[in-house]
Protein chains: 2
Amino acid sequence: MLTDRQLLILQILIDEYIQNAEPLGSRSISKRQDITFSSATIRNELADLEDMGFIEKTHSSSGRIPSEKGYRFYVDNLLSPVQLQHHDMAKIQSLFHEKMYELELLIEHSANLLSEITNYTSIILGPEMYETKLKHLQIVPISKGTAIFVLITDTGHVEKYTVDLPDEMDAADIERTVNILNDRLKGVPFSHLRLKLQQEVQGLLRTHTENYKQTLDFLAQLFQTEKSDKVYYGGKTNILNQPEFQDVNKVKDLYNAIEKQDLVQRLLHQDGTSGIKVKIGAENTIQEMKNCSLITASYSIGGQHMGTLAILGPTRMEYPRVIGLLDLLSKDLTKVLTQRYYSN
Amino acid sequence: MLTDRQLLILQILIDEYIQNAEPLGSRSISKRQDITFSSATIRNELADLEDMGFIEKTHSSSGRIPSEKGYRFYVDNLLSPVQLQHHDMAKIQSLFHEKMYELELLIEHSANLLSEITNYTSIILGPEMYETKLKHLQIVPISKGTAIFVLITDTGHVEKYTVDLPDEMDAADIERTVNILNDRLKGVPFSHLRLKLQQEVQGLLRTHTENYKQTLDFLAQLFQTEKSDKVYYGGKTNILNQPEFQDVNKVKDLYNAIEKQDLVQRLLHQDGTSGIKVKIGAENTIQEMKNCSLITASYSIGGQHMGTLAILGPTRMEYPRVIGLLDLLSKDLTKVLTQRYYSN
DNA sequence: GTTAGCACTCTGTCTGTTTGAGTGCTAATT
DNA sequence: AATTAGCACTCAAACAGACAGAGTGCTAAC
């Protein structure tokens, strides 16, 4: 479809525009060393590329900038994988070499690292509890009618719910219940908890507790709430460095959008579980992101999808670098997590 | 020091400037219905007020705006307490009437409410764990060499630490240790945990556990970390609505400053434990806040300081309204929390 | 097919002008 | 003695015109 020369010109134009955020004219292109033909020729080519919809003008006599279609083509066909800088590699290494106990902390640091290296905003979703296994469970009454229900997973995650405690349940009942639950549910993945509860625990409770009915109601309450995955952000203020976000109102709209966690959760969820996905401009379903691109990669533990890494930046984003980075980090993260939480 | 007329003029000037964010001239002031004298007279008074440092010009022939000294005087002497709007009162009421289990959630909602009512940014510090009492404690090994240490307080707060687990400690040791700790430390305020540990628990451990020395080392580890109070934010993007923050760079500096949690913690901590404090412009120790005012109020449980509510806005802030609101909310919060966590 | 040349377009900047809101000062008025 | 009217003056903001510069598209020559 496109001639080699058109490909070259398109590549140069997008590369340069990503660097400088300024429309590029035929003359500037012709001045480059890797260009042997004149600006007039380039003008003709640019006109053709514009006809095909890959580039556009900001006004009738301006230079050209890439269109969304242009970026799409660039990402799909022109991407030259770029080697990460040494010091960035080093940062990633040191992230994993620190003795980082908490999974949450590791994720949080990853978010910060991503934004630091890219100078864009990072968003990380997860880790999902769905396939993690219950390690221990506790019910602690803290006042009349109220108790804290604590679940601890094999990934070291602690999940907490405040729940109603029926008047009829006394300390002995609670203890018995907790013991039965721990006995029967330890090692069970979160996704199977409810099933297991029905199959095995109900019967035991009937025979061992005083107030069978209340206890059962109580338990139903415990396991009904579905906590949504946590969202971690890094470098939110990096958005303000971009020339396309010098207008405070645009910033405000975008901030308000990305702070709606449920929206972001859905957005990062929908891209499935493998590979790197790039959403350019209007490809994003969220209105306020129409001037942004979102690049996502997923990480997992032992083949089980755990969450999503994402970078949010202007459509004029350094795609090669970001894609390379996300690819590397998601794989490293998967490796480290699998090693840590899957082997034993 | 100031004549009644000067007081009146200063009050009008600041009130109007807070409303409109525009320099006020003698003619606009003279046009008001509560003003009986001419613009020339006002000009003279304005000149005097300027000489005294309460107001200033933006350029040689502009109207006047309040200086920081002017705001200070206004806050200290001219503040007419303002009645909150009915619908705002209603919002506060409904905040407390919801069946809000989690203390953290209540605080989070309070932050959102504050920013919603004021249209400024809210910051809430706390609640402090210092005087809350231990309700239950658990050690859960999750992999070789690592365990989760969970503390539950009487306010329903769950605190989690990931800790090294000595090889020598086996399940029986852990269970004995946990039982001893729960037995001896239940009901003890966090501030006394370490002392109590030394006084009572050490001896018991020596007689009841296999690997006394390792266990002790382990425990020392558990109780050494001091978690700092959590910081809750509400309405961060409200800053972008203010005309004084239309410049993206100013916004960036401010955002970067308020996202440094340790800084903010110190800032909100230092204002002591009672009453409402107003910091205007350069009175804030943080450079980036020199165009902002910070109003703080503290909340407590049963007389024990728990945390701080704060509103951050431009120096041109609606002081009367914000002060009234903070006063009300901090008292209500104190009342509700005391009732919920102190009575039993 | 490529390129030189040229007329044309649009933005951004600079300059000068005007308008309006404000001031300070002085002299007249109450 | 305090107040006010009047006036010269100042500055910012808005506007208009001129101009330079970077770009385009098109035509004709190479």
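By convention in this document, chain letters (A, B, ...) are assigned in the order of the sequence lines, proteins followed by strands, and residues within each chain are numbered from 1.
- R43(B) has its CZ atom 16 Å from the P atom of dC9(D), to the nearest Å.
- At least one side-chain nitrogen or oxygen of K57(B) sits closer than 4.0 Å to the OP1 or OP2 atom of dG24(C).
- Here dG24(C) presents its P atom at 12 Å from CG of L49(B), a figure rounded to the nearest Å.
- Proximity of S28(B) to the phosphate of dG22(C): a side-chain N or O atom is located under 4.0 Å from OP1 or OP2.
- Residues L113(A) and K91(A) come closest through the heavy atom pair CD1-CB, 3.6 Å.
- Of the N and O atoms on the side chains of R316(A) and Q242(A), at least one donor lies less than 3.5 Å from an acceptor on the other residue.
- Remark: C1' of dT2(C) and CD1 of I35(A) are 15 Å apart, rounded to the nearest angstrom.
- Side-chain contact check for K260(A) versus E288(A): every heavy-atom pair is 4.5 Å or farther apart.
- OP1 or OP2 of dT3(C) lies within a sub-4.0 Å distance of a side-chain N or O belonging to T41(A).
- Phosphate proximity of dT4(D) to S30(B): absent, as no side-chain N or O sits under 4.0 Å from OP1 or OP2.
- Straight-line distance from the CD atom of E22(B) to the P atom of dA13(D): 10 Å, rounded to whole Å.
- Taking 4.0 angstrom as the limit, S38(A) places none of its side-chain polar atoms (N or O) nearer than this to OP1 or OP2 of dT2(C).
- Put simply, CG on L24(B) is 14 Å from C1' on dT23(C), counting in whole angstrom units.
- A close approach under 4.0 Å does occur between a side-chain nitrogen or oxygen of R64(B) and OP1 or OP2 of dT23(C).
- In this entry the distance linking CD1 of I42(A) with C1' of dA4(C) reads 14 Å, nearest Å.
- With rounding to whole Å, I65(A) atom CD1 is found 15 Å from dT11(C) atom C1'.
- Residue S60(B) places at least one side-chain N or O under 4.0 Å from the OP1 or OP2 atom of dC11(D).
- OP1 and OP2 of dG22(C) both lie 4.0 Å or more from every side-chain N or O belonging to S26(B).
- Judged by closest nucleotide on DNA chain C, N44(A) is the one of E50(B) and N44(A) placed further toward the 5' end.
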- Item | Chi angles and distances behind the side-chain hydrogen bond (donor to acceptor under 3.5 Å, both in side chains) call for D15(B), Y74(B) | CA-CA 9 Å; D15(B) 281 341; Y74(B) 177 79; 2.6 Å; yes
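- The interatomic distance linking I55(B) (CD1) with dG22(C) (C1') rounds to 13 Å, in whole Å.
- Side-chain atoms of N238(B) and T121(B) form no donor-acceptor pair, as typed in the model, at a separation below 3.5 Å.
- Each of S61(B) and T36(B) was assigned the nucleotide of DNA chain D with the nearest heavy atom; the assignment lying further toward the 5' end belongs to T36(B).
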